[in-house]
Amino acid sequence: MAHDEDPDTVRRAFQEAVNMSPAELERWLETEESQSVGQKRDGSGESTGHAEGRRIVELLRTEKADLTDDDLAHMRKVHGYVARHLAQQPAKEDVEHSRWRYSLMNWGHDPMKKG
């Protein structure tokens with residue numbers, strides 16, 4: 001996704017990547033499963049993906065007119081991560097209870113969710 005894309009294109013791609021509502025994502029982030037996956041940063045108890053989830057909730061609740069360039073750049077990052085991660089779906093693993101799914105859900109995408 002190019003950095004010169006217009007904000008509406010960036011927002012649409014973000015909305016396609018993030019299929020969980022802010023409330024769903026907040027509930028998920030409270031779970032042990034959510035906190036059990038991802039790389040922890042420099043001794044912090046929180047993984048990168050878990051911190052991303054909190055940032056994504058903020059982005060979902062931000063009005064279109066209030067989005068900054070930094071917000072749009074972050075939306076591009078989320079879309080890229082979800083797209084790359086979806087391409088790595090495990091073939092033989094029980095997806096529902098996989099670390100792969102839990103990581104995606106920290107980024108606001110539940111691959112088990114239909115529609």
Side-chain angles (χ1 to χ4, degrees):
M1 197 177 285
H3 289 276
D4 57 354
E5 278 185 302
D6 79 289
D8 287 337
T9 303
V10 174
R11 278 187 26 266
R12 269 195 304 280
F14 175 77
Q15 290 164 339
E16 287 170 17
V18 176
N19 68 357
M20 295 169 74
S21 71
E24 286 174 317
L25 185 49
E26 283 177 325
R27 276 194 306 276
W28 165 251
L29 292 171
E30 295 294 317
T31 67
E32 277 184 42
E33 291 87 353
S34 168
Q35 296 169 32
S36 72
V37 295
Q39 296 182 327
K40 307 274 195 272
R41 284 183 286 207
D42 40 318
S44 138
E46 184 175 44
S47 72
T48 303
H50 198 269
E52 283 296 331
R54 289 186 300 102
R55 176 81 160 97
I56 290 164
V57 168
E58 286 174 24
L59 289 171
L60 290 169
R61 292 200 166 128
T62 302
E63 295 294 326
K64 175 182 174 180
D66 296 333
L67 291 170
T68 66
D69 287 346
D70 186 54
D71 291 337
L72 292 167
H74 207 85
M75 291 168 114
R76 275 192 288 274
K77 175 182 172 181
V78 170
H79 175 265
Y81 175 87
V82 170
R84 283 190 310 278
H85 209 67
L86 281 172
Q88 300 168 1
Q89 178 172 356
K92 58 195 176 303
E93 199 173 352
D94 168 17
V95 167
E96 185 175 354
H97 302 287
S98 67
R99 294 176 66 79
W100 174 80
R101 177 182 181 221
Y102 295 165
S103 292
L104 270 170
M105 288 176 70
N106 280 352
W107 287 71
H109 183 87
D110 184 353
M112 302 288 293
K113 202 171 182 181
K114 302 291 182 236

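Just so you know, residue 1 is the first one in the sequence shown, and it goes up from there. Bear in mind that the values here come from a model prediction, so they are computed numbers and not experimental data.
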Test of understanding: with side chain to side chain contact (heavy atoms under 4.5 Å, CB included), list the residues that count as partners of A23, not counting sequence neighbours. S21, R27
Can you find a heavy atom in the side chain of L86 that is under 4.5 Å from one in the side chain of L104? yes
Among all residues two or more places apart in sequence or in another chain, which pass the side chain to side chain contact (heavy atoms under 4.5 Å, CB included) test with Q89? V95, W100
Carboxylate-amine/guanidinium contact D71 R55, below 4.0 Å: yes
Return the CD to CD distance between Q35 and E30, rounded to the nearest 0.5 Å. 7.0 Å
Sub-4.5 Å side-chain heavy-atom contact between D8 and K64: yes
Exam field: side chain T62 to backbone L67, donor-acceptor pair closer than 3.5 Å: no
Not counting sequence neighbours, list each pair that qualifies as a salt bridge (Lys or Arg N to Asp or Glu O under 4.0 Å) and has a residue in residues 94-110. R101-D110
With sequence neighbours excluded, what pairs up with Y81 under the ring-ring contact (aromatic ring centres under 6.0 Å, His included) test? H85, W107
Check whether any side-chain heavy atom of I56 sits under 4.5 Å from a side-chain heavy atom of M20, and report yes or no. no
Going by the rule side chain to side chain donor-acceptor pair (under 3.5 Å), which residues pair with R84 if we only count those two or more places apart in sequence or in a different chain? none
Of all heavy-atom pairs linking H50 and L29, the shortest is NE2-O, 2.7 Å
Applying salt bridge (charged side-chain N to carboxylate O under 4.0 Å, His left out), can you list everything that pairs with E24, at least two apart in sequence or on another chain? K113
Determine whether M105 and M112 make a side-chain contact, defined as any pair of heavy atoms from C-beta on separated by less than 4.5 Å. no
Report yes or no: do H97 and E33 form a side-chain donor-acceptor pair below 3.5 Å? no
List the residues meeting side chain to side chain contact (heavy atoms under 4.5 Å, CB included) with P22, not counting sequence neighbours, and say none if there are none. V57, L60, R61
Which heavy atom of L25 sits nearest to which heavy atom of N106, and what is that distance? CD1-O, 4.1 Å
Any Lys/Arg nitrogen of R76 or E5 sitting under 4.0 Å from an Asp/Glu carboxylate oxygen of the other? no
More than 12 heavy atoms of other residues, nucleotides or ligands under 6.0 Å from CG of D69: is that the case? no
Considering only residues two or more places apart or on different chains, which pairs with a residue in residues 12-21 satisfy salt bridge (Lys or Arg N to Asp or Glu O under 4.0 Å)? none
Determine whether more than 12 heavy atoms belonging to other residues, nucleotides or ligands lie under 6.0 Å from atom CD of Q88. yes
Just by modelled atom types, is the A17 backbone N or O under 3.5 Å from a matching donor or acceptor in the H109 side chain? yes
Rounded to the nearest 0.5 Å, what separates atom CG in L59 from atom CZ in R11? 11.5 Å
